[in-house]
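The sequence lines fix the lettering, A, B, ..., with proteins before strands; numbering per chain opens at 1.
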Protein chains: 2
Amino acid sequence: MRRVFANCRVLTPSHAVADGPIVVDADRIVQIGGAVRTEDGPCETVDLKGALAIPGLVNAHGHTAMTLLRGVGGGLPLQRWLEEAIFPVEAKMTPEDVRAGVVWGAMEMLASGTTLVADMYDFPQAGGEAFAATGMKANVCRVGLCFSETDEVPPGRAKECVDFVRDFKDPAGRVVADFCVHSEYLTSERLVRALAEANAEFRRPVHAHVSETEKEHAECLARRGKTPIAYLADCGLLDHGGYLAHAVWATDGDFAVAREKGATLVHNPTSNMKLGSGFARIPAAIAAGTRVALGTDGCASNDNLNLFEEMHLAALVHKGIARDPAALAAGDVLDMATVNGAKALGRADTGALAVGMKADFCALDLDKPHLQPCFDVANLLVYSAQASDVVMTVVDGRILYDHGAYPTIDADRAAFDFRAAVKRLGLST
Amino acid sequence: MRRVFANCRVLTPSHAVADGPIVVDADRIVQIGGAVRTEDGPCETVDLKGALAIPGLVNAHGHTAMTLLRGVGGGLPLQRWLEEAIFPVEAKMTPEDVRAGVVWGAMEMLASGTTLVADMYDFPQAGGEAFAATGMKANVCRVGLCFSETDEVPPGRAKECVDFVRDFKDPAGRVVADFCVHSEYLTSERLVRALAEANAEFRRPVHAHVSETEKEHAECLARRGKTPIAYLADCGLLDHGGYLAHAVWATDGDFAVAREKGATLVHNPTSNMKLGSGFARIPAAIAAGTRVALGTDGCASNDNLNLFEEMHLAALVHKGIARDPAALAAGDVLDMATVNGAKALGRADTGALAVGMKADFCALDLDKPHLQPCFDVANLLVYSAQASDVVMTVVDGRILYDHGAYPTIDADRAAFDFRAAVKRLGLST
């Protein structure tokens, strides 16, 4: 049956505001604006009460189950934060914990307008199933990593990564499995090349961390004579694109390599600031024609999964650094959080509101003091809006968040499971 | 009659969480925690349903009526933004416009937990009366300025400033009048000295812009052989303290002068980034023992009045700049937004929750996915909370915001007046 999201305005791909309604047939948008044809059969009508529908936000780099570790290790620099605060807790995690952390994170993301996330974490089968059950979209992966620089491929691990991409199935197609290389510094070249070769069959964009810290970037240069992005590209890992998180220390040459490979840099401004990693050169990357998306990273270095905050930060901080109020336009930031993220994750059918696209959107109530007057909707969304202005989130035409309620999630059970997992991990609250 | 805010937790001045209730007699806190003595007479009980009460936030630098100009001139650098986008519209403003913009801004601030604002704008009598009618606290001023560098005091203007401080009266004492020097570059030395001398009688902290842009700072040095802060101090303007907005280019010497004078630097991170002004050296100022508060600046350079966003930005951006995750602690940022702002504005009786203080607080609903788990409440408030987590805001013991409702404000009338003012100013929406 068709569903009509009535009484709304719609953000167009060029950041104008069009009149609704949005008419959805099964999971796709079949009409925007105009009269609804009653002769096409019965419709269910959802009254959006004047809200503005915008494309569902795309979180192009996250570790969702780290909701369990929200704020753990605050104040520590990246390497100590990982080794002293994060890894010891993660070593205790079970698939059950990941499942609880993912559902909790999905609730937070849906409440803040996110419809698709790139998730990199352990127990991706459990995580992927948890995402699928919520109805949210996710690109999940078995993380390719080995803890010694000189390590040969742990043969089991490479096989696990390939088997995961081959075997993971979400019948609804909302959750897909990708290859992942944790980073240049936590993999051997043999592992990277093994995954690149296996991907010739699947042709998926690859998830990886690159050039997050100056130390990591410099050590790669010293070790391999190449930057992390150049090295991964030379291994063939980016032949089908990639979503490359952080890129704080990426060079102009890296921007060119990413552009040529069709890979996307994923900017995580909160995490990069909170861990003291630095500022990715986003205006320069955009000027070089390289695609840039946005991510939250995990909840232990953010400490939330709120893409409105990432948009806000990205739009502001690069103006401050460049001392140029025109350094990064609000419209470019909106694209980073929507269509660019969708392209990064190999999803050509989402990230924009147009006929033929999947019906993935969120609706914002603009009838609030902080959202009036509105002279420019992109500016309003990036500089003034809050995640809490989202009143409804829709994925593949299904309502997953509706004014505080989660039609596909048992919120009480999710809270119970989440708190039990926090306790099981020995994290007192 | 006493009022008991029951079923809550309370953020203490040392950023711990204590058990409620908060018992208020008239406008003051008379008890925190423990059993309520029924033998002291009848009490009205307000159920906070488990919320966390924190001190009302203090916006130590704003131009509230610029809600009317939210987002106007986005993308322009400070001088062009002022001269091309802002001043031409402001030249048309009437007291009626200011009144409408102030009430709208007060609604936005109350909804985001702000109880006290330092407001610098034209028509302060109208603005001050509008604040007083809402029940919110404000330090207002007649702006001391003259548009020529070599201008003598326009005698009328100096007298207006002094008369305003002398004559403005809010019987409830919530709105007070202070002296204000717009900036070194928009005043003559004679005007600055005249206001400083007049203030010997009133002994109020003075509101001013200082060292916002590099150009302004350098031109002051060239013109006067001193930085703006040193110059204003030498004129006697800071003899009773001050709240000095921006201080982006303030030197170590300026930090020492401000500390010695008991003046406060007001950090406006969003505005300074959005206009490309730069980054104030806040960790250095704090290390020098100088008091730092937080402000939003006006809505045309922010584009909202949300101190949770300012806390979030301040906590993150200085870590990024210093590349040190310990550069600025969450607790210091909370103090900037509360007790430091209160001290800056000469309000010793607000900014912290303790017996004997005014009952100025907001209550946050922490029962949301993005606010759990909580390992450290200061971190949670600064990195994860949103303004919309505020469910109630209380000033002098009166509830001014309650789950979307404004008991002291006719919200429909406010919206009508605000939209009429926007239209009158020729700003299409």
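For A:His318, no part lies near chain B; criterion is any non-hydrogen pair under 4.5 Å. Contact of A:Thr67 with chain B is made through the backbone alone, with heavy-atom distances under 4.5 Å. Only the backbone of A:Leu69 comes within contact range of chain B, with at least one heavy atom under 4.5 Å from a heavy atom of that chain. Proximity to chain B (any heavy atom under 4.5 Å) is shown, for A:Ala322, by neither the backbone nor the side chain. Of the atoms belonging to B:Asp303, heavy atoms from both backbone and side chain fall under 4.5 Å from chain A. Proximity to chain A is limited to the side chain of B:Asn306, based on heavy atoms less than 4.5 angstrom apart. Interface remark: B:Ala387 contributes backbone and side-chain atoms alike to the contact with chain A (heavy atom separation under 4.5 Å). With a 4.5 Å cut-off on non-hydrogen atoms, B:Glu309 touches chain A through its side chain but not through its backbone. Looking at A:Phe418, the atoms closer than 4.5 Å to chain B (heavy atoms on both sides) all sit in the side chain, from C-beta outward. In this structure, chain B has heavy atoms under 4.5 Å from both the backbone and the side chain of A:Val72.
Although no hydrogens or angles enter the test, the distance criterion places no donor-acceptor pair under 3.5 Å between the side chain of A:Trp249 and the main chain of A:Lys215. Although no hydrogens or angles enter the test, the distance criterion places no donor-acceptor pair under 3.5 Å between the side chain of B:Thr393 and the main chain of B:Tyr401. A donor-acceptor distance shorter than 3.5 angstrom exists from the side chain of A:Arg9 to the backbone of A:Gly50, with no hydrogens or angles considered. Counting only distance, with no hydrogens or angles, the side chain of A:Trp104 and the backbone of B:Pro369 share a donor-acceptor pair below 3.5 Å. A:Asn59 places a side-chain N or O within 3.5 Å of a backbone atom of A:Thr296 that can act as its donor or acceptor partner. Put simply, the side chain of B:Arg70 gets close to the backbone of A:Gln372: a donor and an acceptor are under 3.5 Å apart. The backbone N or O of B:Leu305 lies less than 3.5 Å from a partner atom in the side chain of B:Glu108, making a donor-acceptor pair.
The closest side-chain heavy-atom distance from B:Asp332 to B:Ile282 is not below 4.5 Å. With contacts defined as side-chain heavy-atom distances shorter than 4.5 Å, the pair A:Asp365/A:Lys49 does not qualify. Side-chain contact between B:Leu364 and B:Phe308 is present, with heavy atoms from C-beta onward closer than 4.5 Å.
Most heavy-atom pairs under 4.5 Å with chain A: of the set B:Asp389, B:Val317, B:Val248, B:Thr213, this distinction falls to B:Val317. When the candidates B:Gln386, B:Met107, B:Met109 are compared by the number of heavy-atom contacts under 4.5 Å with chain A, B:Gln386 comes out ahead. Options B:Leu380, B:Asn379, B:Leu68 differ in how many heavy-atom pairs under 4.5 Å they form with chain A, and the most are formed by B:Leu68. The greatest number of non-hydrogen atom pairs below 4.5 Å with chain B, out of A:Gly320, A:Ser112, A:Pro325, is found for A:Pro325. Counting heavy-atom pairs closer than 4.5 Å to chain A, the top-ranked of the candidates B:Ala415, B:Ala315, B:Ser384, B:Ala330 is B:Ser384.
Under the 4.0 Å criterion applied to side-chain N and carboxylate O atoms, B:Asp367 and A:Arg419 are assigned as salt-bridge partners.
The shortest non-hydrogen separation linking B:Leu328 to B:Tyr383 is O-OH, 4.3 Å.
If you take CG on A:Asp412 and CG on A:Asp417, they are separated by 11.0 Å, rounding to the nearest 0.5 Å.
Scanning residues 268-276 of chain A against chain B with a 4.5 Å heavy-atom cutoff picks out A:Thr270, A:Met273, A:Lys274, A:Leu275, A:Gly276, ordered by number.
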